[in-house]
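One structure below.
Counting begins at 1 with the first residue of the sequence. Any value given below was found using the heavy atoms of this structure, including those in side chains, with hydrogens, waters and symmetry copies removed.
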Amino acid sequence: MKNNLLVKFQEAFNPTLPDVGGLKDYLDYIVPYISDWGEDLIETEFYTEDGGKPWLEFRDQVNFQETVVHFFNPDGEYLRSTNGNVIKGRWRLLENTNKMIIEIGNSTSELYELVYLDKTFFILQKHGDEKKYLAMGYEPLVRGMTWLEYIHALFWTYRNRHKKFILTVAVIAILAIFFTIFSILR
């Protein structure tokens with residue numbers, strides 16, 4: 001029984017990432033754990049920047065060999081570079097939501113919902129019944145990663161925050177016990 005309790009304690013501090021399949025499956029698994037810790041789309045400073053903030057796209061398709069970089073410029077300009085070939089468009093937020101419309105050229109508009117956003121990760125999900133993710137990472141920090149390394153880095157975000165949360169709860173519990181004992185002995 002003591003050994004079982006020790007294992008559960010260790011798992012609480014070191015959650016592991018199971019093998020669940022492809023990029024979509026991993027995101028489906030991780031997102032519920034991290035979504036509350038992310039920023040909102042209204043906080044544009046996390047994904048826009050004067051001069052452009054490059055967001056490298058990740059896909060798990062075997063034949064996906066392109067380098068696709070997305071730019072969400074502050075004035076609503078959207079740029080998508082595929083191997084250096086740039087397509088211009090526009091992006092805009094839907095008021096009082098975490099939804100974004102990306103217009104590409106004059107013909108295509110797509111509605112996305114925010115899944116997760118921080119200084120390193122920007123994940124959108126195309127609106128609709130079929131889950132399609134647009135998984136991106138801040139290019140200077142994720143350049144050279146495979147999609148699976150990207151997933152592991154995203155999971156480390158959860159793991160580190162989870163450890164801090166568990167540690168904070170443990171410290172508060174210890175302090176509560178200490179003050180309870182102190183007040184009884186007084």
Side-chain angles (χ1 to χ4, degrees), residues 15-35 37-39 41 43-93 98-161:
T16 57
L17 181 61
D19 183 7
V20 294
L23 179 67
K24 178 193 165 302
D25 300 316
Y26 277 109
L27 290 173
D28 286 345
Y29 178 81
I30 295 171
V31 164
Y33 294 110
I34 64 172
S35 60
W37 290 326
E39 307 301 333
L41 285 175
E43 298 172 272
T44 58
E45 67 273 11
F46 281 92
Y47 58 95
T48 65
E49 194 172 271
D50 286 334
K53 187 170 185 177
W55 292 97
L56 183 64
E57 182 176 337
F58 286 88
R59 296 185 200 169
D60 62 354
Q61 301 159 335
V62 175
N63 61 351
F64 179 69
Q65 300 299 320
E66 292 88 18
T67 300
V68 180
V69 181
H70 302 262
F71 297 87
F72 300 86
N73 293 329
D75 59 356
E77 179 185 48
Y78 169 76
L79 303 172
R80 182 176 67 204
S81 170
T82 304
N83 293 331
N85 299 317
V86 178
I87 295 174
K88 292 182 179 184
R90 308 279 310 152
W91 68 271
R92 66 183 175 96
L93 302 180
N98 256 332
K99 293 179 171 62
M100 172 187 284
I101 294 176
I102 298 175
E103 301 167 354
I104 302 166
N106 293 327
S107 59
T108 305
S109 294
E110 297 175 330
L111 177 61
Y112 289 93
E113 297 179 55
L114 179 65
V115 172
Y116 184 74
L117 171 64
D118 69 14
K119 63 184 169 97
T120 306
F121 302 99
F122 189 12
I123 305 168
L124 299 169
Q125 179 183 339
K126 192 169 182 182
H127 187 73
D129 291 336
E130 183 183 345
K131 280 190 176 179
K132 287 186 175 182
Y133 291 104
L134 177 54
M136 301 171 285
Y138 182 49
E139 187 181 30
L141 300 178
V142 301
R143 185 181 303 123
M145 286 184 179
T146 66
W147 72 266
L148 191 53
E149 291 167 335
Y150 168 87
I151 286 296
H152 282 276
L154 180 63
F155 185 72
W156 272 97
T157 298
Y158 158 68
R159 190 174 171 169
N160 289 339
R161 288 184 177 171

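A heavy-atom distance below 4.5 Å is not found between the side chains of Y116 and I30. By the 4.5 Å heavy-atom criterion applied to side chains, M136 and L124 are counted as neighbours. The side-chain heavy atoms of V115 and L27, taken from C-beta on, include no pair separated by under 4.5 Å. Two residues are said to be in side-chain contact when any heavy atoms from C-beta on lie closer than 4.5 Å; Y26 and L148 meet this criterion. Counting heavy atoms from C-beta outward, F58 and V142 have side chains that approach closer than 4.5 Å. The side-chain heavy atoms of L41 and F122, taken from C-beta on, include a pair separated by under 4.5 Å.
Of the residues F71, W55, W91, the one that meets the ring-ring contact (aromatic ring centres under 6.0 Å, His included) test with Y47 is W91.
A centroid separation of 6.0 Å or more is found between the aromatic rings of F155 and Y33.
Judged as a side-chain contact (heavy atoms from CB on, under 4.5 Å), and not counting sequence neighbours, P32 has no contacts. Y112 is linked by a ring-ring contact (aromatic ring centres under 6.0 Å, His included) to nothing, counting only residues two or more places apart in sequence or in another chain. Scanning for ring-ring contact (aromatic ring centres under 6.0 Å, His included) contacts around Y78 gives H70, F72, with sequence neighbours left out.
Within the structure, salt bridge (charged side-chain N to carboxylate O under 4.0 Å, His left out) contacts touching residues 51-80 (residues at least two apart or in different chains) are E57-R59. Legend: salt bridge (charged side-chain N to carboxylate O under 4.0 Å, His left out) pairs involving residues 25-35, not counting sequence neighbours, sorted by first then second residue: K24-D28, D28-K131. For the salt bridge (charged side-chain N to carboxylate O under 4.0 Å, His left out) condition, the pairs that include at least one residue of residues 100-113, sequence neighbours left out, are R92-E103, K99-E113, E110-K126.
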Practice problem: Start with the C-alpha distance between I123 and L154, add both sets of side-chain angles, then the distance that settles side chain to side chain contact (heavy atoms under 4.5 Å, CB included), and finish with yes or no. | Solution: CA-CA 11 Å; I123 305 168; L154 180 63; 3.7 Å; yes
